[in-house]
Amino acid sequence: MFKIAEKLLPQPAGMKIDFLHPAGAPALTPAGSVSWLVFSNPVSLFIGGVAAVLLEMAEPSVRTGVWEHSSFRRDPLTRLQRTGYAAMVTVYAPREQAEQLIARVVRMHDKVSGSTPDGTPYQANDPRLLNWVQATASFGFCQAFHQYARPLSQAQRDAFFSQSHLPASLYGATEAPVSEQQWLDLLQATAPQLEDSAIIEEFLSIMEGSAILPGLPFLARPLQKLLVAAAVDITPAPVRNYPALQKRRLSWAGKTIVKGLARLAQALPLPDMPSAQAQQRMRHTVS
């Protein structure tokens, strides 16, 4: 399991972060918070990340920007690892290092712009799009943990959204939801703009067919498909009703297996994950 965790989240090139030092340095989210709990589970993080991308891909401007200006199609593994690692940085890294990484991402996004197929212009740092991306990520990670790893109370789910406010605002998402109800309100308001696309089917096929773990045995690939189906299962309507998602629903037996995997990941020590390193940093404060 340790090796699986390391392969799921290797340190990407150009993103050198020291989660262990300096001792006692606070992160953007409070140590010991529900955010630190949720982001410690690699299984639910994968599921939640896929659910978030499905919601993002349903928004035309976000979909076009991601598909035309990222490496999802040609190198999905590296793209997912970079995105997952950046999420870990915003939660666990010393605040100064996290702020530097976020500023670099914002500068990169300043260069991303274009038009959707219907001619609508978009810009990656548009606050409206950033609010949607941040909201879908918060929903995906929180809901996946709640459904598969460990149930969270309403207060914990609200706290998770609230704790994402500071890092989200640094990215430019100044009006991202700070409670689960605000997420539901945003989803309802955004739903009329969401649409199905062949890209969603392509994305799901990539996620099912690309080895997320290097060297993943062929016989273990069905487990990867189960995790994708688990992501589909928590994706809310109207996106969950698109044909590509309807044919990938999770069975009762599949849900039982996914819960077992997520709870196993929660129970096992994963000392090389950023969550464990950050906890160690906070235990060794400067005297």
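Between the side chain of Asn241 and the backbone N or O of Ala237 there is no donor-acceptor pair closer than 3.5 Å. Thr64 contributes no side-chain N or O that, together with a main-chain N or O of Ser61, makes up a donor-acceptor pair within less than 3.5 Å. At distances below 3.5 Å, at least one donor-acceptor pair connects side-chain atoms of Trp132 with backbone N or O atoms of Leu55. Remark: side-chain polar atoms of Gln97 are not paired, donor with acceptor, to backbone N or O of Ile17 under 3.5 angstrom. No side-chain donor-acceptor contact under 3.5 Å links Thr190 to the backbone of Leu187. In this structure, the side chain of Arg150 does not engage the main chain of His146 through any donor-acceptor pair within 3.5 Å. No donor-acceptor distance shorter than 3.5 angstrom exists from the side chain of Glu175 to the backbone of Asn131, with no hydrogens or angles considered.
When the side chains of ILVMFWY residues are joined at heavy-atom separations under 4.5 Å, either directly or via intervening members, Ile206 and Ile47 end up in a single hydrophobic cluster. The hydrophobic cluster containing Ile257 also contains Met207, counting ILVMFWY residues as joined when their side-chain heavy atoms lie under 4.5 angstrom apart, directly or transitively. Hydrophobic cluster membership differs between Val106 and Leu130, with clusters built from Ile, Leu, Val, Met, Phe, Trp and Tyr side chains linked at under 4.5 angstrom.
The CZ atom of Phe139 sits 12.0 Å away from the CG atom of Leu186 when rounded to the nearest 0.5 Å. One distance of note links CD of Gln143 with OG1 of Thr235; it measures 10.0 Å at 0.5 Å rounding. To the nearest 0.5 angstrom, Leu227 atom CG is 6.5 Å from Leu261 atom CG. With values rounded to the nearest 0.5 angstrom, Gln193 atom CD is found 10.5 Å from Thr120 atom OG1. Taken to the nearest 0.5 Å, the CD atom of Glu56 stands 8.5 Å off from the CZ atom of Phe203. Here the OG atom belonging to Ser205 is positioned 12.5 Å from the CD1 atom belonging to Ile199, to the nearest 0.5 angstrom.
Two residues are said to be in side-chain contact when any heavy atoms from C-beta on lie closer than 4.5 Å; Leu194 and Tyr242 meet this criterion. Side-chain contact between Leu152 and Val38 is present, with at least one heavy-atom pair separated by less than 4.5 Å. With a 4.5 Å cut-off on side-chain heavy atoms, Tyr148 and Val43 do not count as touching. No side-chain heavy atom of Met273 sits under 4.5 Å from any side-chain heavy atom of Tyr92. Looking at Pro243 and Asp196, their side chains come closer than 4.5 Å, going by heavy atoms from C-beta outward.
Within a 6.0 Å radius of CD in Glu96, no more than 12 heavy atoms belonging to other residues, nucleotides or ligands are found. In the displayed structure, Gln188 atom CD is contacted under 6.0 Å by at most 12 heavy atoms of other residues, nucleotides or ligands.
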Scan the side chains in residues 23-30 for donor-acceptor partners under 3.5 Å anywhere in the protein, sequence neighbours excluded, and list what turns up.
from  : atom 1 : to    : atom 2 : distance (Å)
Thr29 : OG1    : Trp36 : NE1    : 3.1
Thr29 : OG1    : Val91 : O      : 2.8

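Remark: Glu195 pairs with Arg63 by the salt bridge (charged side-chain N to carboxylate O under 4.0 Å, His left out) rule, at least two apart or across chains. Residues forming a side chain to side chain donor-acceptor pair (under 3.5 Å) with Thr116 (at least two apart in sequence, or on another chain): Asp118. Residues forming a side chain to side chain donor-acceptor pair (under 3.5 Å) with Glu202 (at least two apart in sequence, or on another chain): Arg73. With sequence neighbours excluded, the residues satisfying salt bridge (charged side-chain N to carboxylate O under 4.0 Å, His left out) with Arg128 are Glu59. Every salt bridge (charged side-chain N to carboxylate O under 4.0 Å, His left out) that Arg249 has, sequence neighbours left out, goes to Asp233. Annotation: side chain to side chain contact (heavy atoms under 4.5 Å, CB included) contacts of Ala229 (sequence neighbours excluded): Leu250. Under the rule for a side chain to side chain donor-acceptor pair (under 3.5 Å), the partners of Glu180 that lie at least two apart in sequence or sit in another chain are Gln154, Arg157. Looking at residues two or more places apart in sequence or on another chain, you find no side chain to side chain donor-acceptor pair (under 3.5 Å) involving Trp183. Scanning for ring-ring contact (aromatic ring centres under 6.0 Å, His included) contacts around Phe145 gives an empty result, with sequence neighbours left out. Contacts of Gln181 classified as side chain to side chain contact (heavy atoms under 4.5 Å, CB included), with partners at least two apart in sequence or in another chain: Ser179, Leu184, Asp185.
Nearest heavy atoms, Ala31 versus Met282: CB-CG, 4.0 Å. Of all heavy-atom pairs spanning Val239 and Ala58, the tightest one is CG2-CB, 3.6 Å. Summarising the geometry of Ile200 relative to Ala244, their closest heavy-atom pair is CG2-CB, 4.5 Å, with the distance given to 0.1 Å. Residues Ser35 and Gln163 come closest through the heavy atom pair OG-OE1, 2.7 Å. Heavy-atom minimum distance, Leu45 versus Phe141: O-CE2, 3.4 Å. Taking all atoms of both residues into account, the shortest heavy-atom contact from Val178 to Phe161 is C-CB, 3.6 Å.
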Report the C-alpha distance between Leu101 and Thr90 in whole Å, list the side-chain angles of each, state the deciding distance to 0.1 Å, and finish with yes or no for side-chain contact (heavy atoms from CB on, under 4.5 Å).
CA-CA 9 Å; Leu101 176 65; Thr90 64; over 6 Å; no

Should Val62 and Met57 be marked as a side-chain contact (heavy atoms from CB on, under 4.5 Å) after you check the CA-CA gap, both sets of side-chain angles, and the distance that decides it?
CA-CA 6 Å; Val62 176; Met57 291 291 190; over 6 Å; no

Going through the checks in order, is the side-chain contact (heavy atoms from CB on, under 4.5 Å) test met by Leu54 and Leu204?
CA-CA 8 Å; Leu54 287 170; Leu204 285 168; 3.8 Å; yes

How far apart are the C-alpha atoms of Leu226 and Leu223, what are their side-chain angles, what is the distance that settles it, and do they pass the side-chain contact (heavy atoms from CB on, under 4.5 Å) test?
CA-CA 5 Å; Leu226 266 184; Leu223 289 178; 4.2 Å; yes

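Side chain to side chain, Gln279 and Ser275 fail the donor-acceptor criterion of an N or O pair below 3.5 Å. Checked by atom type, the side-chain pair Gln123/Ser113 shows no donor-acceptor distance below 3.5 Å.
Residues in residues 250-270 take part in these side chain to side chain donor-acceptor pair (under 3.5 Å) pairs, two or more places apart or across chains: Ser40-Gln266, Asn41-Gln266.
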